[in-house]
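Below are the structure tokens for one structure; questions will follow.
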Amino acid sequence: MAPLVRIKPRREDLKPGECLCDHCPAKCCRYIALPVETPKKHKDFETLRWFLLHGNIGIFVEKKSWYLLVHSECRELLPDRRCGIYETRPQICRDYSTVDCEYDDDWTYDLYFETPEQIEEYAEARFTARGKNIRSPRPGLPMFKARPR
């Protein structure tokens with residue numbers, strides 16, 4: 001028997017009174033995004049690189065604001081993807097709305113980093129002096145003198 005394939009309905013196809021959360025994988029309960037200061041100096045990027053050296057961390061930029069993304073599931077998320085403490089959930093959860101949530105899977109970030117190498121490369125490109133080549137210099141070639149005849 002083939003496995004049952006669950007098709008997620010489009011937001012606009014839900015029936016009146018039907019809850020969007022019934023069809024969602026609860027992405028909003030599987031991470032924490034914390035604003036961080038916009039990096040301005042190379043040293044600031046070293047701190048971001050340090051964050052990325054730890055597990056389950058990402059960094060993204062959205063509308064010129066930088067965020068530390070911590071992939072961590074809420075301990076109150078139930079197997080059915082519902083909240084185990086819905087009636088007493090934190091205010092941030094109460095303020096969250098399905099009107100502009102991630103259900104539609106079309107979220108993209110202006111910038112997204114998931115490895116320390118990515119942020120390092122970005123910082124290197126950003127802080128390289130204008131006109132200065134970031135590539136290694138050409139190796140010096142020995143000069144050949146013409147033999148006297």
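The chain is numbered in sequence order, starting from 1.
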Side chains of Glu124 and His42 only: does a donor on one sit below 3.5 Å from an acceptor on the other?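 There is no such pair between these side chains.
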Nearest-0.5 Å distance, CD of residue Glu114 to CD1 of residue Ile57: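 Going from the CD atom of Glu114 to the CD1 atom of Ile57 covers 12.5 Å.
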Among all residues two or more places apart in sequence or in another chain, which pass the salt bridge (Lys or Arg N to Asp or Glu O under 4.0 Å) test with Arg75?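 So Arg75 forms no salt bridge (Lys or Arg N to Asp or Glu O under 4.0 Å) with any residue.
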To the nearest 0.5 Å, how far apart are CZ in Arg30 and SG in Cys74?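 Between atom CZ of Arg30 and atom SG of Cys74 there are 10.0 Å.
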Cluster check Tyr109, Tyr122: I/L/V/M/F/W/Y, side chain < 4.5 angstrom: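 No, it is not one cluster - the side chains of Tyr109 and Tyr122 are not joined through contacts under 4.5 Å.
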Could you check whether any side-chain heavy atom of Cys19 comes within less than 4.5 Å of a side-chain heavy atom of Arg82, counting everything from C-beta outward?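 The answer is yes, as the side chains (C-beta and beyond) meet within the 4.5 Å cut-off.
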With a 4.5 Å cut-off on side-chain heavy atoms, are Thr115 and Glu120 touching?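 Sidechains of Thr115 and Glu120: no contact.
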I'd like to know if the side chain of Arg89 and the backbone of Tyr86 have a donor-acceptor N/O pair within less than 3.5 Å.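 Checking the backbone N and O of Tyr86 against the side chain of Arg89, a donor-acceptor pair under 3.5 Å is found.
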For Leu14 and Pro9, which heavy atoms make the closest approach, and how far apart are they?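 Shortest heavy-atom contact: CD2-CG, 3.7 Å.
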Please tabulate, one pair per line, all N/O donor-acceptor pairs under 3.5 Å involving side-chain atoms of residues 31-39, not counting sequence neighbours.
unit_1 : atom_1 : unit_2 : atom_2 : d
Tyr31  : OH     : Glu102 : OE2    : 2.4

CZ-CD distance between Arg94 and Gln91, expressed to the nearest 0.5 angstrom: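 It is 6.5 Å, given to the nearest 0.5 Å.
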Can you hop from Leu77 to Tyr103 via hydrophobic side chains spaced under 4.5 Å?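 Result: no, two separate clusters.
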Kindly give the heavy-atom pair with the smallest separation between Cys101 and Leu20, and that separation in Å.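 Taking Cys101 first and Leu20 second, the nearest heavy atoms are SG-CD2, 3.8 Å.
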How long is the span from the CD1 atom in Ile59 to the CD1 atom in Ile119, to the nearest 0.5 Å?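 One finds 5.0 Å between CD1 of Ile59 and CD1 of Ile119.
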For the residue pair Cys21 and Thr98, what are the closest heavy atoms and their distance?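 Taking every non-hydrogen atom into account, SG-CG2, 4.0 Å.
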Spatial distance of atom CZ (Phe113) from atom CG (Leu69) [nearest 0.5 Å]: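 Output value for this atom pair is 13.0 Å.
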Does the distance from a Lys or Arg side-chain N to an Asp or Glu carboxylate O, for Arg49 and Glu46, drop under 4.0 Å?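 Salt bridge between Arg49 and Glu46, a charged N being under 4.0 Å from a carboxylate O: yes.
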Determine yes or no for a side-chain-to-main-chain donor-acceptor pair under 3.5 angstrom, with Arg126 supplying the side chain and Lys40 the backbone.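 Between the backbone of Lys40 and the side chain of Arg126 there is no qualifying donor-acceptor contact (under 3.5 Å).
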Count the heavy atoms of every other residue, nucleotide or ligand shown that sit under 6.0 Å from CD1 of Ile92, and state whether that count exceeds 12.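 Counting neighbours around CD1 of Ile92, 12 or fewer heavy atoms of other residues, nucleotides or ligands fall under 6.0 Å, so no.
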Among Tyr67, Tyr112, Trp66, which residue meets the ring pair (Phe, Tyr, Trp, His ring centres under 6.0 Å) test with Phe60?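 The option that passes is Tyr67.
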For Cys24, is there any backbone N or O sitting under 3.5 Å from a side-chain donor or acceptor partner on Arg81?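 It does hold such a pair.
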Glu121 (side chain) donor-acceptor with Gln118 (main chain) under 3.5 angstrom: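 Judged by distance alone, no pair lies under 3.5 Å.
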Among Arg11, Arg10, Lys15, salt bridge (Lys or Arg N to Asp or Glu O under 4.0 Å) partner for Asp13: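 Single pass found, and it is Arg10.
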Return the CG to OG1 distance between Leu111 and Thr108, rounded to the nearest 0.5 Å.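 The OG1 atom of Thr108 is 11.0 Å from CG of Leu111, to the nearest 0.5 Å.
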With no hydrogens and no angle check, is any side-chain donor or acceptor of Asp110 less than 3.5 Å from a backbone partner on Lys63?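 The answer is yes, because a donor-acceptor pair under 3.5 Å joins these two groups.
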